[in-house]
Amino acid sequence: MPAARESLLDAAFTALADRPWAVVRMVDVAVAAGVSRQTLYNEFGSKDGLARALVRREAEAYLIGVERALSGASGAAGPNERLAAAAGWTVRAAAANPLVRAVLTGCWSERLPSPVRPGSPGTLSRRPGIPDPLPSPVDLLAQIRDRAVHLLAGDWPRGGAADLSQACETAARLALSYVVAPVSEGEVESLVRGALA
């Protein structure tokens, strides 16, 4: 039921914009998506499962945007420009989407569904049949770096793979620092390009 699943995730995301996750009701999400509550439970199992799927979807959409920037889809030509474009995307995505910001920084407000922490109690506690915990900021940073290395390897003019990996890690960490301590939007890409020069 891919269409129902996406409709339910869209409805949950919209509900989250209006009120804290703790007061979002499954019946309201189902009604907003135009499906039965049973369909919602069949698809996600529980409110925890819905929250997990929602956070995973938003994190994956963010990573697709990173890949788009790194592939040059934003018009950036060279590898440094593409890393700077990915940094700019990171800051914009985190500013626009509280779930992306929380996944990137590890700072979860009471308005958001809590992340899974193995062995810890919480709204997304691990139970049999539930997938592994959501990625931590460290895990996500590694994914960003690894995707950047993969997408830029053929265009990297410098000292090889180690240099590329370090540049990708630096750009990702700079982007995260600008998520936590913002600068004006136009400055992000310029600052990252300068750091990589």
Side-chain angles (χ1 to χ4, degrees), residues 1-33 35 40-41 43-70 85-118 120-127 130-148 171-183 185 188:
M1 246 188 227
R5 182 178 182 84
E6 284 305 308
S7 295
L8 287 162
L9 291 170
D10 289 342
F13 187 79
T14 300
L16 186 59
D18 295 336
R19 55 195 175 274
W21 184 252
V23 298
V24 170
R25 297 178 338 143
M26 296 290 274
V27 66
D28 296 334
V29 171
V31 167
V35 301
L40 174 57
Y41 281 101
E43 191 65 38
F44 298 104
S46 66
K47 189 174 179 183
D48 293 347
L50 174 62
R52 183 184 323 283
L54 179 61
V55 173
R56 283 190 187 282
R57 180 185 79 162
E58 298 307 308
E60 187 56 36
Y62 158 72
L63 288 170
I64 289 168
V66 168
E67 288 180 352
R68 191 174 21 255
L70 291 168
W89 162 252
T90 294
V91 172
R92 287 188 304 277
N97 188 328
L99 291 174
V100 169
R101 181 179 178 85
V103 169
L104 285 169
T105 64
C107 297
W108 295 83
S109 78
E110 67 280 351
R111 291 191 55 82
L112 302 175
S114 299
V116 174
R117 297 288 180 240
S120 68
T123 59
L124 296 179
S125 59
R126 187 148 187 217
R127 295 188 304 267
I130 292 182
D132 290 333
L134 298 169
S136 71
V138 172
D139 298 331
L140 199 58
L141 178 68
Q143 287 184 46
I144 296 164
R145 182 202 56 232
D146 294 347
R147 289 178 189 211
R173 287 186 178 276
L174 281 171
L176 292 179
S177 75
Y178 299 134
V179 167
V180 174
V183 295
E185 186 176 319
V188 172

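Values below: all heavy atoms of this structure, side chains included; hydrogens, waters and symmetry mates excluded.
- Of all heavy-atom pairs spanning A53 and F44, the tightest one is CB-CE2, 3.4 Å.
- Closest non-hydrogen pair, A17 versus R111, comes out as O-NH2, 3.7 Å.
- Within the 4.5 Å cutoff, the side chain of D28 has heavy atoms near those of the R19 side chain.
- When the options V55, V24, L50 are evaluated for a side chain to side chain contact (heavy atoms under 4.5 Å, CB included) with P113, the one that passes is V55.
- A11 and A32 make their closest contact through CB-CB, 3.8 Å (heavy atoms, listed as atom of the first residue, atom of the second, distance).
- Here the CZ-CG distance, from R5 to D10, works out to 12.0 Å after rounding to the nearest 0.5 Å.
- Under the 4.5 Å side-chain criterion, counting only non-hydrogen atoms from C-beta, F13 is in contact with L99.
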**OP:** Report the C-alpha separation of V66 and R147 in whole Å, then their side-chain angles, then the decisive distance to 0.1 Å, and conclude whether the side-chain contact (heavy atoms from CB on, under 4.5 Å) test is met.
**Re:** CA-CA 9 Å; V66 168; R147 289 178 189 211; 5.6 Å; no

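- Proximity of L54 to L8: side-chain heavy atoms (C-beta onward) are nowhere separated by under 4.5 Å.
- To the nearest 0.5 Å, atoms CD (Q143) and CD (E67) are separated by 9.5 Å.
- Smallest separation of non-hydrogen atoms from P137 and G106: CG-N, 3.4 Å.
- Of the possible polar contacts, one joining the D139 side chain to the S136 backbone as a donor-acceptor pair under 3.5 Å is found.
- Under the 4.5 Å side-chain criterion, counting only non-hydrogen atoms from C-beta, S7 is not in contact with V35.
- A distance of 6.0 Å separates CH2 of W89 from CZ of R68, quoted to the nearest 0.5 Å.
- Between M26 and L40, the shortest heavy-atom distance links the atoms O-CD2, 3.2 Å.
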**OP:** Go through the steps to decide whether I144 and L63 satisfy the test side-chain contact (heavy atoms from CB on, under 4.5 Å), and finish with yes or no.
**Re:** CA-CA 7 Å; I144 296 164; L63 288 170; 3.9 Å; yes

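- In terms of modelled atom types and a separation under 3.5 Å, the side chain of R92 and the main chain of G88 share a donor-acceptor contact.
- Looking at V103 and Y62, their side chains never come closer than 4.5 Å, going by heavy atoms from C-beta outward.
- The shortest side-chain heavy-atom distance between E6 and L9 falls under the 4.5 Å cut-off.
- Listed here is the closest heavy atom pair of L104 and A94: CD1-CB, 4.1 Å.
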